[in-house]
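What follows is one structure encoded as structure tokens, with my remarks underneath.
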Amino acid sequence: MAASVPAKRSTQLGDALFAGMVRAAGIFVLLLLGGIIVVLFIGGLPAFRQFGAGFLISDDWDPVQEVYGAAVPVFGTLITAVLALLMAVPLAFGIAFYLTELAPQWFRRPVGTAIELLAAVPSIIYGMWGFFVIVPIMAEYVQPFIIDNLGDLPLIGDFFQGPPFGTGLFTAAMILAVMIIPFIAATMRDVFLTVPAVFKESAYGLGCTTWEVMRSVVIPYTRVSVVGGIMLGLGRALGETMAVTFVIGNTNRIATTIFGPGNTIASIVALEFPESQSGSLKLSALLALGFILFVISFIVLAISRMLLKPGAKA
Amino acid sequence: MSSTSVPGAAKNIAASVGLGKRRYRTNTIVKVLCVAATALALVFLASILFTLLIRGFAGLSLTVFTTSTLPPGSHGGLLNAIIGSLIQTTIGTLVGTPIGLMVGTYLSEYALGSKLGDAVRFVSDVLLSAPSILIGLFVYAVAVAPFGGFTGIAGCIALAVIVIPIVVRTTEDMLRLIPVALREAAMALGAPKWKMIVLVCYPAAKQGIVTGVLLAVARVAGETAPLLFTSLGNLNWSTNLTKPMASLPVTIYQYAGSAFEDWVQLAWVGALLITFGVLAINIIARFVLRDGK
């Protein structure tokens, strides 16, 4: 009895120590995210003070006059990410549909792995591939074709005008689409697999075709999670840096056509940072841009997580 | 009765045959489009790998591994970049993994239903998908600017911050898969909770956790943006962690955009090395997980 009391005490001590340690690690992660927000905000404060709310709507970026505005990179970030989603979602849906319903059983794992490897390719490789392979194809074939065929349409034709440089918003969005397809496809595949087989079998039993089962059973059942997966892809597209920097053309002007050059928050930060003095207003403007990007991604990722939370289905 | 219903039924059959044809045609079209979408994604992957092989192999030679980066035209290699990448990836992983492991343990074993646990899980998931360039800016502001210079240490810190949420996610998922009976057996023998976790749960979840760490290594080995603002890159040979340090992705970035033929060639060699390294680690990670099941 006398011996077991100290043993019990040391047990409790060990447990308390371990619990305290892992809890501290958890709090550390909380502080880390808080730290990122605070540091970016404080770093951007001089720029926010100098330009006020005008920072958000000004399209100036003039290091000589020390006038900076966020409108062009924010516009470029949003437009490339949304264009990328428009291209990626139908493709990702097709892949997820193929991998869950159409492909022969033995074929699913290798194809699924190949799609996942597409997500593992580093972003700088996408940049090089985009710049040396995709840009020439765009300049030579794709852009002249679109400009010739859509450029003369009334109302929307103006968006498809301009010289076919190969680089620009459209090419950046295309590379982004290839990069986020595997993320969206993997999420869709995983949620499609959560549909109980009984639901699908009863629809097949009524004589539904595969597509009808997909449209009337699987998609309604997984709707919310599918949107969550799309938001996850959007979150990735917003902050992508290296791939976009290679192909977007890097011009601080709001493009009037989808082939025009532009920039994104991430690309302007990566390019302008090496030319910014520590403590300068320019560096502060870049940190302020970082803060804006963080706020946008945080909102998108928070929505994505809320939708993907188990139990939030249907 | 029957004589009146027959014409109607016949009409319905004709109509439903037409409807059936349309339904099956739609079905076939959708199926074909899905196969095409999958094929297109595979074509992208093949195109990337093919481009890397063709352009990378053209410049692959022993000097790439034995010489540091040199001025254009003097047959430099990538030795300092390869070593720099290995050092920063290793230290970043060694620092990030224990923290991620502890956070994952907290979430799975201690945070059931707690508000703090929910907050930590949420924040960790946000960090997992947060733009890595922002992590670079953050580490620049806390570990580079105050000390007046770019350092290899800052690069390691940035990579560690990226490693943490990846390890958290896999650790939590894997610990949750361990059957309750296994935990109860350890508890019934009088083991304290921490011993149950360390001696029973960790070994049982080993394969999953190793997979998570391997995936984290693969992810940070290719990271460029966070290193631009922290370890900066270094064209000279240096293993000093308190000085700017070269890395493969940053060197590729500097070389690919240059106007010199031989530098662009070396960028392709670097891209070949990093991509096949990263993909190999990914495939190994999958085998580790599959063997465990």
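- Ranked by heavy-atom pairs under 4.5 Å with chain B, the first of A:Gly43, A:Ala24, A:Gly35, A:Gly279 is A:Gly35.
- Atoms CZ and CD1, from A:Phe294 and B:Ile133 in turn, are 14.0 Å apart once rounded to the nearest 0.5 Å.
- The two atoms that bring A:Gly207 and B:Arg23 nearest to each other are O-NH2, 2.7 Å, heavy atoms only.
- A donor-acceptor contact shorter than 3.5 Å is absent between the side chain of B:Asn27 and the backbone of A:Thr209.
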* A:Thr241 and B:Leu228: CA distance, side-chain angles, deciding distance, side chain to side chain contact (heavy atoms under 4.5 Å, CB included) verdict -> CA-CA 11 Å; A:Thr241 312; B:Leu228 282 177; 6.0 Å; no

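- Contacts between A:Leu232 and chain B at a heavy-atom distance below 4.5 Å involve the side chain alone, from C-beta outward.
- Looking at B:Arg121, both its backbone and its side chain come within 4.5 Å of chain A, counting heavy atoms on both sides.
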Which pairs of donor and acceptor atoms, one on a side chain in residues 121-133 of chain A, lie under 3.5 Å apart (sequence neighbours left out)?
| residue | atom | partner | partner atom | Å |
| --- | --- | --- | --- | --- |
| A:Ser123 | OG | A:Glu240 | OE2 | 2.8 |
| A:Tyr126 | OH | A:Leu118 | O | 2.6 |
| A:Trp129 | NE1 | B:Ser47 | OG | 2.8 |

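- In terms of heavy-atom pairs under 4.5 angstrom with chain A, the leader among B:Thr28, B:Val139, B:Ile29, B:Ile48 is B:Ile48.
- Heavy atoms closer than 4.5 Å to chain A are found nowhere in B:Val144, neither backbone nor side chain.
- Annotation: A:Phe41 is not in aromatic contact with B:Phe138 [ring centroid separation under 6.0 Å not met].
- Heavy-atom neighbours of chain B within the stretch residues 174-187 of chain A, taken at a separation under 4.5 angstrom, comprise A:Val178.
- The choice from A:Leu99, A:Leu287, A:Val22, A:Leu17 that makes the most heavy-atom pairs within less than 4.5 Å of chain B is A:Val22.
- Contacts between B:Leu45 and chain A at a heavy-atom distance below 4.5 Å involve backbone atoms as well as side-chain atoms.
- The greatest number of non-hydrogen atom pairs below 4.5 Å with chain A, out of B:Gly20, B:Pro192, B:Gly222, is found for B:Pro192.
- Of the listed residues A:Ile134, A:Leu33, A:Ile115, the one with more heavy-atom pairs under 4.5 angstrom with chain B than any other is A:Leu33.
- Atom NZ of B:Lys193 has more than 12 neighbouring heavy atoms from other residues, nucleotides or ligands inside a 6.0 Å radius.
- Interface with chain A: from residues 33-42 of chain B, residues B:Cys34, B:Val35, B:Ala37, B:Thr38, B:Leu40, B:Ala41, B:Leu42 qualify, criterion being any non-hydrogen pair under 4.5 Å.
- When each of B:Leu116, B:Ile164, B:Val161 is scored by its heavy-atom pairs under 4.5 Å with chain A, the top score falls to B:Leu116.
- Contacts between A:Phe273 and chain B at a heavy-atom distance below 4.5 Å involve the side chain alone, from C-beta outward.
- Between chain B and the residues A:Val38, A:Val29, A:Val300, the largest count of heavy-atom pairs under 4.5 Å involves A:Val29.
- The nearest pair of heavy atoms linking B:Ala141 to A:Val39 is CB-CG1, 3.2 Å.
- With a 4.5 angstrom heavy-atom cutoff, B:Phe50 does not touch chain A via any of its atoms.
- Among the candidates A:Glu101, A:Met21, A:Arg109, the residue making the largest number of heavy-atom pairs closer than 4.5 Å to chain B is A:Arg109.
- Proximity to chain B (any heavy atom under 4.5 Å) is shown, for A:Ala92, by neither the backbone nor the side chain.
- Across all non-hydrogen atoms, the minimal contact from A:Ala120 to B:Leu279 is CB-CD2, 4.1 Å.
- Heavy atoms closer than 4.5 Å to chain A are found in both the backbone and the side chain of B:Val126.
- The two residues A:Ala19 and B:Tyr110 make their nearest non-hydrogen contact at CB-CE2, 3.5 Å.
- For chain B, the nearby parts of A:Ile36 are the backbone and the side chain; heavy atoms of each come within less than 4.5 Å.
- What you find for B:Ser129 and A:Arg236 is that their closest heavy atoms are OG-NH2, 3.7 Å.
- Proximity to chain A is limited to the side chain of B:Leu52, based on heavy atoms less than 4.5 angstrom apart.
- There is no contact between B:Ala218 and chain A, counting heavy-atom distances below 4.5 Å.
- Residue contact with chain A, scored on non-hydrogen atoms closer than 4.5 Å, is absent for B:Val168.
- Within the 4.5 Å cutoff, no side-chain heavy atoms of B:Thr105 are placed close to those of A:Arg23.
- Residues forming a salt bridge (Lys or Arg N to Asp or Glu O under 4.0 Å) with A:Arg305 (at least two apart in sequence, or on another chain): B:Asp125.
- Here the closest heavy-atom approach between residue A:Ala270 and residue B:Phe229 is recorded as CA-CZ, 4.1 Å.
- The line from CZ of A:Phe291 to CG of B:Leu137 is 13.0 Å long, rounded to the nearest 0.5 Å.
- Side-chain contact check for B:Pro131 versus A:Leu238: every heavy-atom pair is 4.5 Å or farther apart.
- Contact annotation for B:Ala267: both backbone and side-chain heavy atoms come within less than 4.5 Å of a heavy atom of chain A.
- Other residues, nucleotides and ligands place no more than 12 heavy atoms under 6.0 Å from the CH2 atom of B:Trp194.
- Atom CD of A:Glu275 has more than 12 neighbouring heavy atoms from other residues, nucleotides or ligands inside a 6.0 Å radius.
- Top candidate by heavy-atom pairs under 4.5 Å with chain B, chosen from A:Leu30, A:Leu286, A:Ile265, A:Ile42, is A:Leu30.
- Within the model, atoms CZ of B:Arg286 and OG1 of A:Thr113 stand 5.5 Å from one another, a figure rounded to the nearest 0.5 Å.
- The part of A:Leu283 that comes within reach of chain B is its side chain, from C-beta onward, which places non-hydrogen atoms under 4.5 angstrom from that chain.
- Neither the backbone nor the side chain of B:Leu49 comes within contact range of chain A, judged by heavy atoms closer than 4.5 Å.
- Looking at A:Ser304, there are no atoms closer than 4.5 Å to chain B (heavy atoms on both sides), in backbone or side chain.
- With a 4.5 Å cut-off on non-hydrogen atoms, A:Leu301 touches chain B through its side chain but not through its backbone.
- Contact of A:Ser297 with chain B is made through the side chain alone, with heavy-atom distances under 4.5 Å.
- B:Phe122 touches chain A through backbone and side chain together, each having a heavy atom under 4.5 Å away.
- The part of B:Thr51 that comes within reach of chain A is its side chain, from C-beta onward, which places non-hydrogen atoms under 4.5 angstrom from that chain.
- Contact annotation: the side chain of A:Trp211 never approaches that of B:Lys31 to less than 4.5 Å [non-hydrogen atoms, C-beta and beyond].
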